[in-house]
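In what follows, a structure is listed as structure tokens, so that the remarks can point back to it.
All ligand and atom numbering here is 1-based and tracks the order in the structure.
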Amino acid sequence: MSVQTVLGPIRREDMGVTTAHEHIFIELTAFFEERPLRDIPDPATRPVTMDVLGQLARDPYALRDNLRFDDFETQKRELLYFARAGGRTIVDATTIGIGRDPERLRRMSRETGLHIVMGAGYYVGSTHSPEVRASTPEQLAANMVRELNEGMDGTDVRAGIIGEIGVSEVFDESERNVLRGAAIAQRETGAPIHVHINPWTVNGLEAARILIDAGVSPDRVCIDHIDMENRVDYIEKLLDMGCYVEFDNFGKESYIDREARRPGYSNFNYDTARVELLKHLIDTGRGNKILLSCDVCLKTLLRTYGGWGYDHILVNVLPMMDEAGIKASDIDRLLIDNPANFFDK
Ligand SMILES: [Zn+2]
């Protein structure tokens, strides 16, 4: 079996150390909400600079520029840190609606030597076009199958996975429809499905149920963003259903300003707590269906802007895991074996 990358299929053994969910180029400005900020005039147009890093640590969505990666050389330099730390494969979960760019990712793969896997399908409802909203699950499935088998966005670059398929804080009917389409495409192609869930909700339970009821095997489903709060019950329920879960917010540690908090946007967990939870899951025999990543999607997460970068898990979290008593063989399972099992179709 094999995994489809932007440069063609590779064998599962060639994936190596894999980060299961990142964004190399992104335009997440659907999440930007203009509101007056202390000491930051013009949040819609002002670039990310040193003097706003503190405020962005407490409200990362406050500046539109923080939600956009578009400079090729910056992103290439950032990815080379991941390669230097031993990373081999990066799964880019950027779907339609947030700046997916197959040609640039193909060039990026050639220039960095990294395997890059891309995703078919649609992000959260607020980014769905009127055509998507008006489509049946069968029509949406046909589009996703074309992206997997022929190419995306008018290119011959093929997707290797479905997703991240978006689910918002308030689950909307168009999102349910896209999930039903993803289920049909999954059954036709065998490709695994990444499901973005608003990180402060437990909507993963309903999303998983929709997919499983539509005939998708639970081990082809990964529920993302489960690690923004310590919710062991939620995670164990998803694992009991047979799904994968993804700890994908390593490096996102924030106390969110009270004025900025709202349903669907609240405090971020800390890496130490994430590692403790991982240790608990591994110790209780639940380490086989866990994927790891940093879901880098904000400028402030890049090294260029004072962040820890795509190599954060390899450089900073592995020692933390070791200190917490997680064995090297379990770390290999999380970084190599589990992704190979999930992404191989
Ligand atoms: Zn996501």
- Ring center gap for His21 and His225 short of 6.0 angstrom: yes
- Under the side chain to side chain contact (heavy atoms under 4.5 Å, CB included) rule, collect the residues that match up with Thr112, sequence neighbours excluded. Lys76, Leu79, Leu80, Met108, Leu114
- Item | Lys289 and Asp219 ion-paired at < 4.0 Å | no
- Message: So, using salt bridge (charged side-chain N to carboxylate O under 4.0 Å, His left out) as the criterion, who are the partners of Arg220 when residues are at least two apart?
- Response: none
- Query: So which protein N/O/S atoms does the Zn ion (ligand 1) have within less than 2.8 Å?
  - Reply: Glu164 OE1, His196 ND1, His225 NE2
- Task: List in chain and number order the residues that pass side chain to side chain contact (heavy atoms under 4.5 Å, CB included) with Val52, two or more places apart in sequence or in another chain; answer none if no residue qualifies.
- Result: Ile40, Arg46, Thr49, Leu56, Leu63
- Task: Take Val91 and Phe342, measure what side-chain contact (heavy atoms from CB on, under 4.5 Å) needs, and give me the verdict at the end.
- Result: CA-CA 12 Å; Val91 176; Phe342 182 64; over 6 Å; no
